[in-house]
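For ligands, and for the atoms within them, numbers begin at 1 and follow the listed sequence. When a residue number appears, it is its place in the shown sequence, counting from 1.
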Amino acid sequence: MKRRLVSICVLLVGVLTFCLMECDSGVSAFAPKVISYPLIGKVIGIDPGHGGYDGGCEGEKGTIEKNVNLEISLLVKAELEDRGATVVMSRESDMALIDPKSTKGYKKRQELNHRLILLGESHVEAMISIHMNASTDRTARGARVFFKEGETEGQKLAQQIAQKLIEHDTQYAKGACIGDYYMLNACPASVLVECGFLTNPVEEVLLTDKEVQKELSVAICDGIEEYFAQNVVMNP
Ligand SMILES: [Zn+2]
């Protein structure tokens, strides 16, 4: 009994000494950790490329780009909402924003204009257009992230997303690069993510795999989160 009492006393002295040392250094062992949630309250536009009459590119196993774009976009939406962001989608089903039969002239441009107006009216602070790539070179593989030339915010966002995609696929994903895409006019921090090549037979299978789609969507969200976290530090 006496021995147990001595042990408890030794333990208490130890704990007290530890606490006092911590107080001396000005850091309490019991102080709550500061966790930041950079996406809370942010309005983010997600644009699943193509849709409706416009299927986009196609893989040799018959995978149609517009469907994979939408599947990954919906995963990105759910992930961003989980992290506190408000998400505005340019489409949430297999549809185009124009009626191709009654639209005259360059349909593609008019359809994209509708998307830009929709996202612009929602005052999105960042916009991510999701696509799958195609090449005549069947060995071309890996994600690419594009931003508009001269657009600093777009470049920063593209670099953060590309970094996370490279961490996910160190062998094939590439760094951010300049792209000339109409959707990059949605807001300053606009990027277009080509998640991989549907024309690569191996990657076509991967891009339709639910697990891989989830991993890609998490990597994209990690990049968006990092972009806003960095911006908070620079503009307190
Ligand atoms: Zn596309």
Side-chain angles (χ1 to χ4, degrees), residues 44-77 87-98 100 103 106-119 124 126-149 151 154 157-158 161-162 165 168-169 172-187 190-209 212-213 216-217 219-220 223-224:
I44 299 171
I46 300 293
D47 171 52
H50 314 280
Y53 75 96
D54 173 17
C57 67
E58 207 171 319
E60 66 179 29
K61 293 178 178 67
T63 309
I64 301 169
E65 185 194 347
K66 64 175 181 177
N67 297 331
V68 187
N69 293 346
L70 183 59
E71 286 163 8
I72 294 179
S73 294
L74 289 171
L75 290 172
V76 172
K77 175 183 190 275
V87 177
V88 181
M89 301 283 287
S90 63
R91 69 177 177 100
E92 284 191 78
S93 60
D94 182 16
M95 57 173 278
L97 300 191
I98 55 156
T103 306
Y106 186 24
K107 295 183 181 61
K108 181 74 185 167
R109 177 56 61 92
Q110 293 183 57
E111 212 270 337
L112 294 180
N113 262 332
H114 277 78
R115 294 184 189 223
L116 288 179
I117 291 166
L118 190 151
L119 295 168
V124 295
M127 194 289 300
I128 296 86
S129 189
I130 306 275
H131 286 254
M132 304 301 129
N133 221 337
S135 172
T136 48
D137 175 8
R138 289 172 83 246
T139 65
R141 182 172 170 177
R144 311 277 188 271
V145 187
F146 297 93
F147 62 93
K148 186 178 171 181
E149 187 167 18
E151 196 60 82
L157 177 60
I161 295 176
L165 288 168
H168 171 257
D169 177 12
Y172 298 106
K174 292 250 172 33
C177 38
I178 291 168
D180 184 18
Y181 297 100
Y182 197 56
M183 284 306 293
L184 295 178
N185 295 304
C187 68
S190 289
V191 299
L192 187 142
V193 181
E194 299 274 9
C195 298
F197 286 79
L198 278 186
T199 43
N200 179 306
V202 177
E203 201 153 52
E204 181 185 1
V205 174
L206 289 173
L207 289 167
T208 54
D209 182 282
V212 175
Q213 288 186 348
L216 284 166
S217 67
I220 291 167
I224 300 168

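- Note on E65: its N/O/S atom closest to the Zn ion (ligand 1) is OE2.
- If you run side-chain contact (heavy atoms from CB on, under 4.5 Å) between K66 and each of M132, E58, E71, R91, only R91 comes through.
- Under the side chain to side chain donor-acceptor pair (under 3.5 Å) rule, E111 has a single partner from H114, R115, K107, which is R115.
- The closest approach of H50 to the Zn ion (ligand 1), by N/O/S atoms, is made by NE2.
- Rounding to the nearest 0.5 Å gives a distance of 7.5 Å between CD of E194 and SG of C57.
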Requested in this report: Would you check, one step at a time, whether the test side chain to side chain donor-acceptor pair (under 3.5 Å) holds for Q110 with T103?
Outcome: CA-CA 8 Å; Q110 293 183 57; T103 306; 5.2 Å; no

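- Between the Zn ion (ligand 1) and the N, O or S atoms of H131, the shortest distance is to ND1.
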